[in-house]
Protein chains: 2
Amino acid sequence: MNSVERYLADNYERALADLKAFCRIPSVSTDPVFRDGIQEAAEFVANRLKKAGFASVELLDTGGHPAVYGEVIGDPTLPTILVYGHYDVQPPDPLDKWMTPPFEPAIRDDRLYARGVSDDKGPLLIPILVVEAYLKTEGRLPINLKILIEGEEESGSEHFEPTLERNRDRLACDLVVSADGAMWRPDRPSITVASRGLVALDVTVTGASKDLHSGRHGGSAPNPIRALTKLLASLHDSDSRAAVPGFMDGIKPLDPTILTAIDAARFDANAYYRDIGSPKPDPIENGGQLLVRQWLEPTLEFNGIYGGYQGPGTKTVIPSSASVKITCRLVAGQKPAKVVEAIARHLETNSPAGYSLQVEPHGPGSEAFSVDPNLPGLLAAESVLEELLGSKPLRVAMGATIPIGTAFRKHLGAEAIFFSFSTSDEDYHAPNEFFRLSNFRTGLIAWTRLLGRLAGHPKLEPTMRL
Amino acid sequence: MNSVERYLADNYERALADLKAFCRIPSVSTDPVFRDGIQEAAEFVANRLKKAGFASVELLDTGGHPAVYGEVIGDPTLPTILVYGHYDVQPPDPLDKWMTPPFEPAIRDDRLYARGVSDDKGPLLIPILVVEAYLKTEGRLPINLKILIEGEEESGSEHFEPTLERNRDRLACDLVVSADGAMWRPDRPSITVASRGLVALDVTVTGASKDLHSGRHGGSAPNPIRALTKLLASLHDSDSRAAVPGFMDGIKPLDPTILTAIDAARFDANAYYRDIGSPKPDPIENGGQLLVRQWLEPTLEFNGIYGGYQGPGTKTVIPSSASVKITCRLVAGQKPAKVVEAIARHLETNSPAGYSLQVEPHGPGSEAFSVDPNLPGLLAAESVLEELLGSKPLRVAMGATIPIGTAFRKHLGAEAIFFSFSTSDEDYHAPNEFFRLSNFRTGLIAWTRLLGRLAGHPKLEPTMRL
């Protein structure tokens, strides 16, 4: 154990206290009610960067929630990496399903439970703590390091690309290392080399201009729940795949590297359904087919539906409107705007007379991403993980979206790798989100070694682009 | 104007104050949160009966919310009527759509706005005030009068029939006169001679045992909103009629008397869609067809749907479950339990593997009802309305449900007529419920005269049964 790693071990309890303090801040980015939490979290990060020894720390005005920037530039001839993370979190509801309150961090079984602890407060705090440890012990970093922590990742990163664009000189780097992302499974080291894109929209169907009595009007009045459910039922085929003309346009062939990883993963479909606690479909697909669906196929998912009375008992009402929230995961070749267009056109074409239809996209969405398989930074990250975790990490895709990959490539000309220590089973968009503290400790050592390894690397630039 | 009517005119402001006080009590029967309001409203009614001069006033233990009973028995040789009403009200939500708070009665344009004022607090207060006026001026009523005010009408009257059964001797009467019900239109006197039945159920589809991240699991995990909307889409045909095997079983032929009334009503379909503020369907049915749908056809209406995230912005979640609230209006011949069975069977048959389905009926429901067209009490009520309102009232059916008709016939052997002064456009299951105070005043005179007219009637028993 070198002096940096020893410092981190000696100061672990303080690090944990920092993480808890960070998790107490309700920095939900999608809901304006949490505006104060957003500001407080941004300031928390900025202060923590300053305390760690970063220079040029400031809140960047993005036009939306602020991003936090800081840098440690020692020797301009060394390579420079840009660390990425986000301080915003998912909404905490349904609140009644949390065993302990979402913004009151609680440790059970060496796991820290809190909204945002796994996505992405725990993982992003790790490189900050590592930088502090280097500066406190060695007085310098082995490379130059910039850090950019945004506050809109969970709400579509609407202002992220313009912020990169406006700050392209300041953010210039040889490689982006994202602290966001997730290990695929708790039992097997992995590194994410591809992620699906995302686009979100709300759909509302309106009938009468006010709620009506279902006795008086039942049979003659429009019922927007009826119209909406008929419309939604037209969006998928019997295999639960999107059945929307134009939705699949432009999709590129499957990446053979990832198909190899899928074979190696030996994903167990029965265990999967047992883990998520759902009855098995019939027929059940094999594990490989399920992974292809998770990693390499686009989706059209309903995230929420609402309209009319939701309380106990009954209310004999015909509601004025009913709404659904939709997100689509996109694969290589799909354009977010085209996907929204295709869905809107399908809904408009199929919307019955007697109702009005409103389709409202949330932000521009993001395309799918994949990493150059020969990228030196990727190879360095793999070697650190293999050394620490005992086996070569599996290269995996992720079904979830990390829109930053394409954004950094586009605006900074830099490739990105994912080096995150959360795990995808940590309920990060559900109640009782947690972060394995064993991974918090592993992550501290891994980032320490990664910084050294990257410094020694002859060249961080990609050798090819996928 | 006789002395009773003069007394009512002289004491109108006090009557209005009573009505406001009654409407301040949040007596929502479907939601346990309002339990105190239920109790307070029952006591309000009991106290008001005592003050009016009723004897034997008491709260009847029903096993659920209490019913209120009182009587004024002068001369046992005179006919006895039983007045019916209900003190419970619909839930007030959505609260943000109310111009003034639902439990703070406010007068605008000679209308009193409050939750429950039209359904049924205003209409039921009228006969109490009329009894008081008779007793204060003449010291007696022209007939014997019993009154029964229940507290579960808006939640399915689960304990009403057992209460009638247990109290059949005490409640014995020659005729039931319901203060609940509604005039069909504000511009034309009407009397309701038939109403649809009602049955209510909740349906929940569950996939995984917890909410899942739609990026990680999208494509492989069950989405209960997708399954539920597909299921719901199978419940109606393209004309929005229930398409459930067994649903229509036992339906009796249309009542020709009511078809005549529908012709006479000259219902304007274009005006209807304008009034409810909805776009017109295409093709548009004629007014007569719409009225047949409202009055004489069964429905399967979705009253509420919910599942997943409903807040601002997006949340990339696949919810664990999604639910819908359904009520069906029934016509003559349909059995509530059979209708629930038919729907449950259809849903179970069509429910996909990979989900669990839960169908939960609310209470036993109620059958459709119709009044004997030659019932002397009906003829008396029609003559009073014609005298006061200037034209013979139209005999109408109502789409809404007044389950008491069949209940009184079954348990007391008594026929019921509807003599209500609310109007069906008074938003009684929607925000901004109101009661026309002109109808409050008319109702006071009408009930005064109805009591006299019924006393002089040779026979209140029906001459035939429909």
| field | Close side-chain approach of B/Gln90 and A/Thr316, heavy atoms under 4.5 Å | value | yes
| query | Can you name the residues of residues 322-330 of chain B that have some heavy atom under 4.5 Å away from a heavy atom in chain A? | reply | B/Lys325, B/Thr327, B/Arg329
| request: Sort out for me which of A/Ala269, A/Pro319, A/Gly313 touches chain B most, counting heavy-atom pairs under 4.5 Å. | output: A/Gly313
| Min side-chain heavy-atom separation B/Phe302-A/Thr229 under 4.5 Å | yes
| task | Any chance you could measure A/Asp275, atom CG, to B/Ser209, atom OG, to the nearest 0.5 Å? | result | 9.5 Å
| request: Find the one option among B/Val292, B/Thr299, B/Ile318, B/Ile276 whose heavy-atom pairs under 4.5 Å with chain A are most numerous. | output: B/Ile276
| message | I'd like to know which of A/Ala233, A/Pro279, A/Pro283 tops the heavy-atom pair count under 4.5 Å against chain B. | response | A/Pro279
| Separation of B/Lys230 NZ from A/Leu235 CG (nearest 0.5 Å) | 8.0 Å
| said: To check you understand the geometry: which heavy-atom pair defines the closest contact between B/Ala400 and A/His213, and what is its length? | reply: CB-CE1, 3.5 Å
| task | Check the side chains of B/Tyr355 and A/Ser278 for a donor-acceptor pair under 3.5 angstrom, ignoring hydrogens and angles. | result | no
| field | Winner by heavy-atom pair count (cut-off under 4.5 Å) against chain A, out of B/Ser238, B/Gly399, B/Gly307 | value | B/Gly307
| Can you find a pair of side-chain heavy atoms, one from A/Glu301 and one from B/Arg226, that are under 4.5 Å apart? | yes
| query | Between A/His236, A/Glu297, A/Glu285, A/Arg241, which residue shows the highest count of heavy-atom pairs closer than 4.5 Å to chain B? | reply | A/His236
| field | chain B contact via A/Pro431 - which portion, at a heavy-atom distance below 4.5 Å | value | side chain
| Any idea which of A/Ala200, A/Ala182, A/Ala221, A/Ser214 has the most non-hydrogen atom pairs under 4.5 angstrom with chain B? | A/Ser214
| note | Cut-off 4.5 Å, heavy atoms of chain B, and the answer for A/Ile284 is neither
| If you measure only the distance, is there a donor-acceptor pair under 3.5 Å linking the side chains of A/Tyr309 and B/His429? | no
| field | A/Pro352 portion near chain B, given a 4.5 angstrom heavy-atom threshold | value | neither
| Where do B/Ile225 and A/Asn303 come nearest, in terms of heavy atoms and distance? | CD1-C, 3.9 Å
| request: Name the option with the most non-hydrogen atom pairs under 4.5 Å to chain A; the candidates are B/Gln294, B/Glu154, B/Gln289. | output: B/Gln294
| task | Compare all side-chain heavy atoms of A/Pro281 with those of B/Pro222 and state whether any distance is below 4.5 angstrom. | result | no
| request: Name the region of B/Asp427, side chain, backbone, both or neither, that has any atom closer than 4.5 Å to a heavy atom of chain A. | output: side chain
| request: Check whether any side-chain heavy atom of B/Leu291 sits under 4.5 Å from a side-chain heavy atom of A/Ser220, and report yes or no. | output: no
| message | So which atom in A/Asp211 and which in B/Pro94 form the shortest heavy-atom distance, rounded to 0.1 Å? | response | OD2-CD, 3.7 Å
| said: I'd like to know which of A/Asp425, A/Ile305, A/Leu232 tops the heavy-atom pair count under 4.5 Å against chain B. | reply: A/Ile305
| Are A/Lys97 and B/Lys210 close enough that some pair of their side-chain heavy atoms sits under 4.5 Å apart? | no
| Relative to chain B, which segment of A/Asn432 carries a heavy atom at a distance below 4.5 Å: side chain, backbone, both, or neither? | neither
| query | Side chain, backbone, both or neither: which part of A/Pro224 has a non-hydrogen atom closer than 4.5 Å to chain B? | reply | neither
| request: Report the option among B/Tyr428, B/Tyr273, B/Tyr272 that has the most heavy-atom pairs separated by less than 4.5 Å from atoms of chain A. | output: B/Tyr272
| field | Residue pair B/His362 / A/Thr314, side-chain heavy-atom distance below 4.5 Å | value | yes
| request: Go through the atoms of A/Arg196 and report whether side chain, backbone, both or neither lie under 4.5 Å from a heavy atom of chain B. | output: side chain
| note | Scored by heavy-atom pairs under 4.5 Å with chain A, the best of B/Arg293, B/Lys280, B/Lys315 is B/Lys315
| Listed partners of B/Asp31 passing salt bridge (Lys or Arg N to Asp or Glu O under 4.0 Å), at least two apart | none
| For B/Ala353 against A/Asp282, the heavy-atom pair lying closest together | CB-N, 3.4 Å
| task | Flag the one option from A/Thr401, A/Val317, A/Val33, A/Leu290 with the top tally of heavy-atom pairs under 4.5 Å to chain B. | result | A/Val317
| Among B/Ser155, B/Gly218, B/Ala430, residue most engaged with chain A (heavy-atom pairs, under 4.5 Å) | B/Gly218
